[in-house]
Every structure is written in C-alpha cells, then in structure tokens.
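Worth saying up front: this structure is predicted, and the values here are computed from it rather than measured. Protein chains get the first letters and strands the later ones, always in sequence-line order, with residue 1 at the start of each.
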2 protein chains.
Amino acid sequence: MSGFQRYKKILDLFSEERSSWTVLEISKSLKSPSSTIYRIVREMVMAEFLESASGSYFRLGPAFIKFNRIIKFSDPLVRAGQPFLKKLANENPITSVNVLARLYGNNVMCVADYKSPSFKKNTSYQRGKLMPLIYGATSRAIIMQITGKRLEDLINLENFKSDEDKKNFLKDLKSDRKKGYCFTEGQVDKGLIGFAVSISNKKLGIEASLSSIFNLDDFLLEHEPLIYANLTTYGLLVEKYINEIFEDIQKYHHETNSIG
Amino acid sequence: MSGFQRYKKILDLFSEERSSWTVLEISKSLKSPSSTIYRIVREMVMAEFLESASGSYFRLGPAFIKFNRIIKFSDPLVRAGQPFLKKLANENPITSVNVLARLYGNNVMCVADYKSPSFKKNTSYQRGKLMPLIYGATSRAIIMQITGKRLEDLINLENFKSDEDKKNFLKDLKSDRKKGYCFTEGQVDKGLIGFAVSISNKKLGIEASLSSIFNLDDFLLEHEPLIYANLTTYGLLVEKYINEIFEDIQKYHHETNSIG
DNA sequence: TCTATTTTTTTTATATTTTGAGAAATTAAT
DNA sequence: ATTAATTTCTCAAAATATAAAAAAAATAGA
C-alpha cells in the first residue's frame, strides 16, 4: 500500500451502513499493524478527513462537507442545472423526481436531485449515490453520447446476463441516440419509469443527463408529449448555462493569470 | 511536504472562487516541480479526489460527493437533527433560518440548515461553511458548553479587538451558560438576529448547537417566549434522538463484532 | 481513589517510497 | 506538418514509512 492508496483504503471502509471504525478494526480489516494505522489515522484527523468519536471510534471528517460545498457551488453542471430541477418538477404533468447525473469512472453519479413534495416513493437517485451504468433512462442518456472504443471499454466492464442482452442493449442505445431521448420502465426501481435526455459539454468534459422519474401508476400516455417537451427544453437550457459558466471561468482564469 | 499533507495542500487550493487549477499553476503555487505534481495529481484523479476538466484544468472529484453523502446519512447529529429543522421553522412565529452547527477544530461548521421559503435575505449559515468561533449565537451556544483548559486554548487562538473585549466575551459566555440559551444581534450578518441552544452528547463527542435566525425587522419582543420554547423543546428532542442513534450504533457494532 | 485495561504515542533500524531533473512521448493547436 | 503544450517516464539520491516493542496516556472498573 503506497501513495494516496494508503489513505484511500481507510476512507473506503466507511459507508452508510458502517460509519465508525476503531483503529484496531481498521488494522484487522486492512491486515496492517495497528501502530501504522494509528499514525495514518492521526494524520487524517489532523487534516480533518477523519474525526474521532466516542469509544475510540473514528468517523469521516468535516473536510468532506467543506469540499462538497465547494463542488456544489462551483461545479458547472450543478451550478447550471440545479436551479432548473424544481421548475422542471413543477411543469411536469404528474409528480416526479428530477435528476442531474453524470459519468464518473465506470458509474453514473447523481449530482443533484429535486423531488416533488407530493412524490411518495423513495427512488435510488439521490445526490452522491452511484448508479449502474446500464440500467435506467438516467444512465442510458449518458452512455448513449459515448461512442467508439470508449463505449466498448465501458460496456466490457459490465456483466450482462447474456450476449443477447448485450446486443439488445447496444441496439436500444443506437435507436435512443437517434431519437434523442430515453425511456425505461422499472430497471432501477420497481413501479417507477424514467425519461431522460443527454447533457454534454465537450470543452468541460461533461457527459451527463437530465431525467424525470415518475410513478408508473400515475402515468398516462397523454402525458408523454409534455414530459419530452420539458426535458428537451430544460436540457438545452442547462447546456446553454453550462456554456456561459464555461466562458465565465475562462475569463476569470485569463484575468488572474495575466495579473499574477 | 510529506504524508497526507502532500495531498491536502493540493486540495486546499480549490475554493469556491477558484475551482479549477492546472498542474503548472499548482506547481507554481506550491513551489514544487511539475513532474512531482503531475504524479500526485494523477494518483488523486485515479482515487476520484480530483477529476480532469477541459484545457488541462483539474477540479475536485466525485469522491467528495460520495463521502459527503455517507456523512449526511450516517452522522448522528445530522441524522437526529435534520428532520426537525423544517418543523422548527414552521412553528417559529416569524420566518427563519434554522441551523445545526458543530465544533470542528477551531471553527464552527454548519452541518444542516433549513430556510423558510419566504425568508428572503441570504445568511452566512449554509451547510459546509466554516463560521467564526466567537461571533453569533450559533457559535456561542457551542462554545459555552466548553470549559477549563480546552476553552482557554480555543479562545487564545482568536483575535479579540482588546483584552476588554475578551473579558466581556467570557462574562457573556458565563451568563449565557446559566440561562441555557444565547441571543446575538448582527454579529455575523447585518440586520439578522440569532437565538441558539446547546446540543451535546459526551459519548459521541458532539459539541453542537441548534439555532434560529430571524430578520431584525420582523422581530417583536412578544415573539421571544415562543422562540425560546421551540428551541428548547427541539434541542432536547434532538439530544434524545442522538442518544437513540448512539444506542443503535453500539448495538450494531456489538453484533458485527461478535459475528465477525 | 487506585488498579487494570485499553488506546495512543514514541522509538528504533531497516525497507520502501518519494523526489525531481531532464528526456521522451503524447496530445492539442496552428 | 510543424510547433507548442501537456503528460509520462527514468533513475539515483534523499526522504519517509514501516513495524515491533516499549512507554505513556487515557479510560474504565472496583
């Protein structure tokens, strides 16, 4: 274990289900001597990436809240898209969960979400949660904008039930790409359906999607046109704002570089 | 630069104002050779603590969103207190911002907040933001539960305008401790007033506060009793729930330890 | 309070890792 | 196609991490 991995491995032990660990538990779990772990943990506590709790337990530290906040207020996708999620929810014909998600490594991560107050069911799409790459409209609207070798590499990391399944997935992807939007039913959460459009910005390296998720029970065929119209409109708006933010950033960097 | 500091120093460059950096900029800023920085940045990108953006810029990575989420759903204080903030807002006689904050190092950090929809002004208390230790009711309700050498150490790190100021601060602290709640006016944001009570849990090492912030213009003296009643009631409720969560955690750890 | 136990820090020599300068390779821009 | 910018690679020297044991400090129990 060396470099950043040394620290990352410890952090990766912490989860929603298991949010506090003692040094001894960490040491057992990573099969490293406790004196070493004590030293590393102390370093991370000083850097506020861990904090000590009672009973010699440690938990994730405030640094994550701090940096999360910085991302929230500065990430172009979040900054551009966040304000529209509520509007989208309000304009949808039935109650919905509206999600901005993006590709992170081999997963899709929800980076912002807004749920209509009257939406009762819990969905899997909540900010910060990693989602499967090949299920759900949210993910598909992201992956459908990727092509060539990159797509192949990503797909090859996934476990399809059969070769047949894989073929079908690629076929659907192709046709959705043509249509410009995605629809899936119950792939991630039972009883829910999803609609999604792609969001992208080459210059900023953003490969994302905007999606609306509904209760299957609420949904009528006559809702569909409005749903697509909303997603398409807001999708374009978000892309426009991302672009404006990009130009602001460029301007800012230009200024600071020429001064300093 | 060694150990975790190596990585921390780079992360600390990123801020709301300046959220993307090139390797060269980092290298200049930290006065380290770029080949070294390239190596370190690559490591952090692989660990998802940084991600590359366009134009050879890098920004904070998705790991922060992920770990922030884990904290949000597992931190006892947040878990216990978050659900009450909205209720508190609704029961307050005038529109308010309601905040859960806790001591982190030498600062106070807001860990959850709820603003009444009709509250117009922006306040400094937003989740993840670091606040001064000696200004505002939110902070005072935290620091007033600390005594002895620890208090001395914390206070000594602060810059008071004069010794007189410091004395007065300590005197106010003492009397607030007796009263069991704090009130301040315009110490953090002009035109706003704050009321706060302490929240603590020794076993979990939590030193926190629950506070309500109002527009000075909205406030009438007759509101005060209800404000205090609400804060006190919800403060006790939050402490009760923290305790229940603590017992759950203990139970869970006991189970997992005896099995594994 | 004193004692036993657990947690944390310190101390070592040794093994491992990081460093940084420059060269080489890759990528992007003109 | 050429040039410039970005990123990776190499390697020996320098710096740091490691782990085992011992010491110290903190905590719990009687």
Study note, to complete from the structure: note: A/Glu25, atom CD; C/dT8, atom P; distance rounded to Å ~ 12 Å
Anything under 3.5 Å between a donor and an acceptor, one on a side chain of residues 38-46 of chain B, the other on a protein residue two or more places apart or in another chain? List them.
| from | atom 1 | to | atom 2 | distance (Å) |
| --- | --- | --- | --- | --- |
| B/Glu43 | OE1 | B/Tyr7 | OH | 3.2 |
| B/Glu43 | OE2 | A/Phe4 | N | 2.6 |
| B/Glu43 | OE2 | B/Tyr7 | OH | 3.3 |

Practice item. Rounded to the nearest angstrom, tell me the gap between atom CD in A/Gln5 and atom P in C/dT16. Key: 19 Å
Point to revise | Length of the line joining A/Trp21:CH2 and C/dT8:P, which is rounded to integer Å | key: 16 Å
Check your understanding: Given that A/Thr22 and A/Phe4 both sit by DNA chain C, which one's nearest nucleotide is further toward the 5' end?
Key -> A/Thr22
Check your understanding: Under 6.0 Å between the ring centres of A/Phe14 and A/Phe58?
Key -> no
Exercise for review: For A/Lys28, enumerate each residue passing the salt bridge (Lys or Arg N to Asp or Glu O under 4.0 Å) test, keeping only those at least two apart in sequence or located in another chain.
Suggested key: none
**Study point:** side chain to side chain contact (heavy atoms under 4.5 Å, CB included) partners for A/Leu24, two or more places apart
**Key:** A/Thr22, A/Ser34
Check your understanding: Would you say A/Tyr38 reaches C/dT8's phosphate, i.e. side-chain N/O to OP1/OP2 under 4.0 Å?
Key -> yes
Exercise for review: For B/Phe73, check side chain to side chain contact (heavy atoms under 4.5 Å, CB included) against everything at least two apart and list the hits.
Suggested key: A/Glu16, A/Gln126, B/Arg69
Exercise for review: Taking heavy atoms of chain B and a 4.0 Å limit, find me the 5'-most and 3'-most nucleotide of DNA chain D within that range.
Suggested key: D/dT6 to D/dA17
Review point. For the helix from C/dT1-D/dA30 to C/dT30-D/dA1, what is the angle between the axes at its two ends, each from 5 pairs, rounded to 10°?
Key: 70°
Study note, to complete from the structure: Sequence neighbours excluded, the answer for ring pair (Phe, Tyr, Trp, His ring centres under 6.0 Å) partners of A/Tyr135 is none
Practice item. Could you list the residues that satisfy ring pair (Phe, Tyr, Trp, His ring centres under 6.0 Å) with B/Tyr125, not counting sequence neighbours? Key: none
With the criterion being N/O to N/O and under 3.5 Å, what pairs connect the protein with nucleotides 19-22 of chain C, and how long is each?
| from | atom 1 | to | atom 2 | distance (Å) |
| --- | --- | --- | --- | --- |
| C/dT19 | OP1 | B/Arg6 | NH1 | 3.3 |
| C/dT19 | OP2 | B/Arg39 | NH1 | 3.3 |
| C/dG20 | OP2 | B/Thr36 | OG1 | 2.9 |
| C/dG20 | N7 | B/Arg39 | NH2 | 3.1 |
| C/dA21 | N7 | B/Ser35 | OG | 3.2 |

Point to revise | Worked verdict on B/Phe49 versus A/Phe67 for ring-ring contact (aromatic ring centres under 6.0 Å, His included) | key: CA-CA 10 Å; B/Phe49 276 65; A/Phe67 286 112; 8.9 Å; no
Revision key, fill the gap. Contacts of A/Glu239 meeting salt bridge (Lys or Arg N to Asp or Glu O under 4.0 Å) (sequence neighbours excluded), chain-then-number -> none
Review point. By side chain to side chain contact (heavy atoms under 4.5 Å, CB included), which residues pair with A/Asp113, not counting sequence neighbours?
Key: A/Val99, A/Cys110, A/Arg127
Study note, to complete from the structure: A/Glu43 atom CD is separated from C/dT9 atom P, nearest whole Å, by 12 Å
**Study point:** Partners passing salt bridge (Lys or Arg N to Asp or Glu O under 4.0 Å) against B/Lys66 (at least two apart in sequence or in another chain)
**Key:** A/Asp12
Check your understanding: Once you round it to whole Å, what is the distance between P of C/dT8 and CE of A/Met46?
Key -> 14 Å
